[in-house]
Amino acid sequence: MAAAAASSSQRCSDVFLSFRGEDTRNNFTAYLDQELRTQRIDCFIDEEKIERDKAISPALVAATENSMFSIIVLSEDYAHLPGGAWRS
């Protein structure tokens, strides 16, 4: 019981929203964040732009690890973004 209480006290949010790209930040991801919050689902959305090959802050790592769920949003243009998974 103490372990369950400890883990729930460390929980940052219900959902960690992960995305890459300005084309999704202010459109789909913002809409999804708003709708989840309307349903009383606490979301963490990183407002900082993380550059490729840069260290992720300890706060961001904690938010990822302590969220119950993660939703990863990939944009249509993800493959063409600098640092995207694929290059054309």
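All residue numbers in this chain count up from 1 along the given sequence.
Side-chain contact between Phe16 and Ile71: absent, with no pair of heavy atoms (C-beta onward) separated by less than 4.5 Å. Within the 4.5 Å cutoff, the side chain of Phe44 has heavy atoms near those of the Leu60 side chain. Within the 4.5 Å cutoff, the side chain of Ser13 has heavy atoms near those of the Ser67 side chain. Taking 4.5 Å as the limit, every side-chain heavy atom of Phe19 sits out of range of all side-chain heavy atoms of Leu74.
Follow the hydrophobic side-chain contacts under 4.5 Å out from Val15 and you never reach Tyr31; the two are in separate clusters.
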### Message
As a quick check of understanding, evaluate side-chain contact (heavy atoms from CB on, under 4.5 Å) for Arg37 and Asp42, giving each step before the final call.
### Response
CA-CA 6 Å; Arg37 290 174 192 276; Asp42 183 37; 4.0 Å; yes

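With rounding to the nearest 0.5 angstrom, the SG atom of Cys43 is 11.0 Å from the CD atom of Gln34. Atom CZ of residue Phe69 and atom CG of residue Leu17 lie 13.0 Å apart, to the nearest 0.5 angstrom.
When atom types are taken as modelled, the side chain of Asn66 and the backbone of Ala62 share a donor-acceptor pair closer than 3.5 angstrom.
Listed here is the closest heavy atom pair of Thr29 and Ile45: CG2-CD1, 3.5 Å.
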